[in-house]
Amino acid sequence: MVRVIVGTQFGDEGKGRAVEFLAPHSQVIARYQGGANAGHTIHINEEPLVFHLVPSGIIYPHTLCIIGNGVVLDPEELIKEITLLKEKGISIENRFFISPYTHIVMPYHKLRDDSNHSIGTTRRGIGPCYEDKYGRRGIRLADLSSPEILEEKLKHNLSIFKSLPQDSANNLEFNSIYEQYLSFGKFLSPFVADTALLLNRWIDEGKEVLLEGAQGLLLDIDHGTYPFVTSSNPHSGGASTGLGISPTRIDEVIGITKAYTTRVGKGPLPTRLPPDIEEKVRECGKEYGATTGRPRRCGWLDVPLLRRALMLNDIKQIILTKLDVLDELPEIKICKEYKNMGAEWCANLENSEPVYETLPGWMTSTQSIRKYADLPVNTKRYIERISGLLEVKIMAVFVGPQKEATIEL
Ligand code: GDP
Ligand code: IMO
Ligand code: MG
């Protein structure tokens with residue numbers, strides 16, 4: 001069985017936690033797009049760990065983990081994560097594999113990333129690295145083991161970068177980058193493998209496979225709120241191209257949906273909460289970026305946007321996360337529809353007026369509840385309303401950051 005985990009909102013829905021929940025029943029876990037812009041939080045013995053690149057399932061020693069060709073790889077960041085895993089006593093030898101075709105995030109990508117802050121990116125070099133990929137001049141992981149190829153490509157790319165009017169260009173020096181990236185290549189070489197071949201073989205063998213998307217559908221370069229998006233396809237289709245498997249291999253797409261909406265960086269958020277409620281939700285949900293620490297804007301649950309995410313990915317089941325964050329709200333709203341949202345929905349989003357339905361809150365902690373039947377009646381009402389409006393099955397509800405805080409349905 002091959003299942004894809006897709007964020008159905010603007011990222012940070014709790015995908016890391018969802019992978020942590022599903023990983024015990026999975027044998028293979030693979031990342032297919034994005035890069036170190038992602039921040040996926042999981043827990044080891046109550047301690048939070050944030051992974052930007054390695055699949056979140058790596059903490060389970062029985063899993064085989066892949067970083068696919070669709071990912072843009074910052075070797076410095078990856079080496080930090082590998083070192084951290086070693087410190088935690090998690091062995092990754094012979095169970096962690098990286099595609100030689102991943103494109104490498106270079107120092108000039110980070111310098112060039114959103115330098116005028118018009119998008120509010122994570123400034124991890126993601127957009128510029130994908131630009132070089134599609135411009136067919138990118139440096140790939142395989143190139144870090146070929147000194148001549150690296151020299152040629154690096155000189156070419158540095159000359160392009162230095163021809164642009166940027167103050168920071170003078171700080172970039174060929175020799176030091178060249179030596180540093182050759183040494184990164186050496187460090188990572190034991191993990192380089194034909195991941196597309198491995199994955200196809202493992203699927204043939206009938207292994208349970210989980211494909212871990214980063215970001216969320218509304219940040220998708222094609223289907224999100226362009227231009228306030230990331231530069232890859234978090235959409236489940238990205239899993240096929242980003243790993244080298246046919247779409248026919250994918251059995252199911254599971255949506256990860258936060259019980260409300262958050263957004264970090266710029267771009268429309270029509271259901272944004274009034275300041276006092278937003279502050280409460282942000283503090284209670286610790287809504288600060290796992291990668292950049294920026295405060296996330298918070299909004300009510302947005303059904304029209306979710307319907308779109310579900311339709312585009314053919315999602316029949318979701319995991320509803322962070323329900324406990326709403327525990328102390330006397331009233332909870334759901335945006336059911338928009339007034340005047342036309343065919344070009346994303347361009348009109350800023351000016352469309354959300355139509356809300358108001359439900360009573362439950363005003364009691366749900367964090368220690370483990371059975372659906374034990375939830376307060378108003379909590380069940382909220383969950384059932386979401387399921388009804390979205391016409392989707394809810395597979396599990398998360399009521400706390402720790403993996404135990406799960407209610408399976
Ligand atoms: P991801 O990028 O989708 O993996 O999500 P992040 O890790 O960036 O953000 C989710 C945050 O919410 C993390 O700090 C998680 O530990 C936390 N979290 C996940 N599920 C729950 C939940 O059900 N309740 C609460 N209170 N926190 C949660
Ligand atoms: P995870 O995987 C939330 C946002 C940035 C910015 C926009 C473009 O943890 O859900 P980028 O650096 O990708 O060019 O920035 O996308 N963004 C995220 N927001 N979660 C993420 O990842 C994100 N990755 C990028 O804040 O608005
Ligand atoms: Mg995150």
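Along the sequence shown, residues are numbered consecutively beginning with 1. On a predicted model such as this, the values are computed, not experimentally measured, just so you know. Numbering of ligands and ligand atoms starts at 1, following listing order.
Panel detail: the Mg ion (ligand 3) has protein N, O or S atoms under 2.8 Å away, 2 in number.
Residue-ligand proximity, Phe398 to ligand 1, at heavy-atom distances under 4.0 Å covers atoms 23 (O). Near Gly16, the atoms of ligand 1 lying under 4.0 angstrom from a non-hydrogen atom of the residue are 4 (O). Of all the atoms in ligand 1, the ones that sit under 4.0 Å from a non-hydrogen atom of His40 are 1 (P), 2 (O), 4 (O), 7 (O).
Annotation for Cys129 and His103: closest pair SG-CB, 4.0 Å, computed over non-hydrogen atoms. Closest of all the heavy-atom pairs between Val2 and Asp251 is N-OD2, 2.7 Å.
Here the protein heavy atom with the shortest distance to atom 2 (O) of ligand 1 is Gly39 O, 2.8 Å. For atom 26 (N) of ligand 1, the closest non-hydrogen atom on the protein side is Asp324 OD2, 2.8 Å. Looking only at heavy atoms of the protein, atom 11 (C) of ligand 1 is closest to Lys322 NZ, 3.5 Å. Protein heavy atom nearest atom 10 (C) of ligand 1, with residue, atom name and distance: Asp12 O, 4.0 Å. Ranking protein heavy atoms by distance to atom 7 (O) of ligand 1, first place goes to Thr41 OG1, 2.5 Å. Atom 1 (P) of ligand 1 has Lys15 N, 3.4 Å as its closest protein atom, hydrogens excluded (heavy atom only).
Sorted by chain and number, the residues within 4.0 Å of ligand 2 by heavy atom are Phe10, Gly11, Asp12, Lys15, Asn37, Ala38, Gly39, His40, Gly120, Thr121, Thr122, Ala214, Gln215, Leu219, Val229, Thr230, Val264, Gly265, Arg294.
Side-chain contact, Thr262 with Asp12: no donor N or O sits under 3.5 Å from an acceptor N or O. Donor-acceptor pairing under 3.5 Å is lacking for the side chains of Thr230 and Ser232.
Within the structure, ligand 1 has Arg296 among the residues with a heavy atom less than 4.0 angstrom away. The shortest heavy-atom distance from Gly400 to ligand 1 is under 4.0 Å. By the 4.0 Å heavy-atom criterion, Pro48 is excluded from the residues contacting ligand 1. For the pair Lys258 and ligand 1, no heavy-atom separation below 4.0 Å is found.
Comparing Gly14, Gly213, Cys284 against atom 5 (O) of ligand 1, the shortest heavy-atom distance belongs to Gly14.
Contact check on Lys380 versus Glu384 returns no salt bridge, with no Lys/Arg side-chain nitrogen under 4.0 Å from an Asp/Glu carboxylate oxygen. Using a cutoff of 4.0 Å between basic side-chain nitrogens and carboxylate oxygens, Glu278 and Arg272 are scored as salt-bridged.
The stretch residues 41-51 participates, sequence neighbours left out, in these side-chain hydrogen bond (donor to acceptor under 3.5 Å, both in side chains) pairs: Glu47-Lys88.
A heavy-atom distance below 4.5 Å is found between the side chains of Tyr338 and Asp302.
A centroid separation of 6.0 Å or more is found between the aromatic rings of Phe187 and Phe184.
Residue Tyr288 is tested with Glu283, Arg282, Arg294 for a side-chain hydrogen bond (donor to acceptor under 3.5 Å, both in side chains); the sole match is Glu283.
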Enumerate, atom names and distances included, each donor-acceptor pair closer than 3.5 Å involving a side-chain atom of residues 394-409, sequence neighbours excluded.
{"residue": "Thr406", "atom": "OG1", "partner": "Arg17", "partner atom": "NH1", "Å": "3.4"}
{"residue": "Thr406", "atom": "OG1", "partner": "Arg17", "partner atom": "NH2", "Å": "3.3"}
{"residue": "Thr406", "atom": "OG1", "partner": "Lys403", "partner atom": "O", "Å": "2.8"}

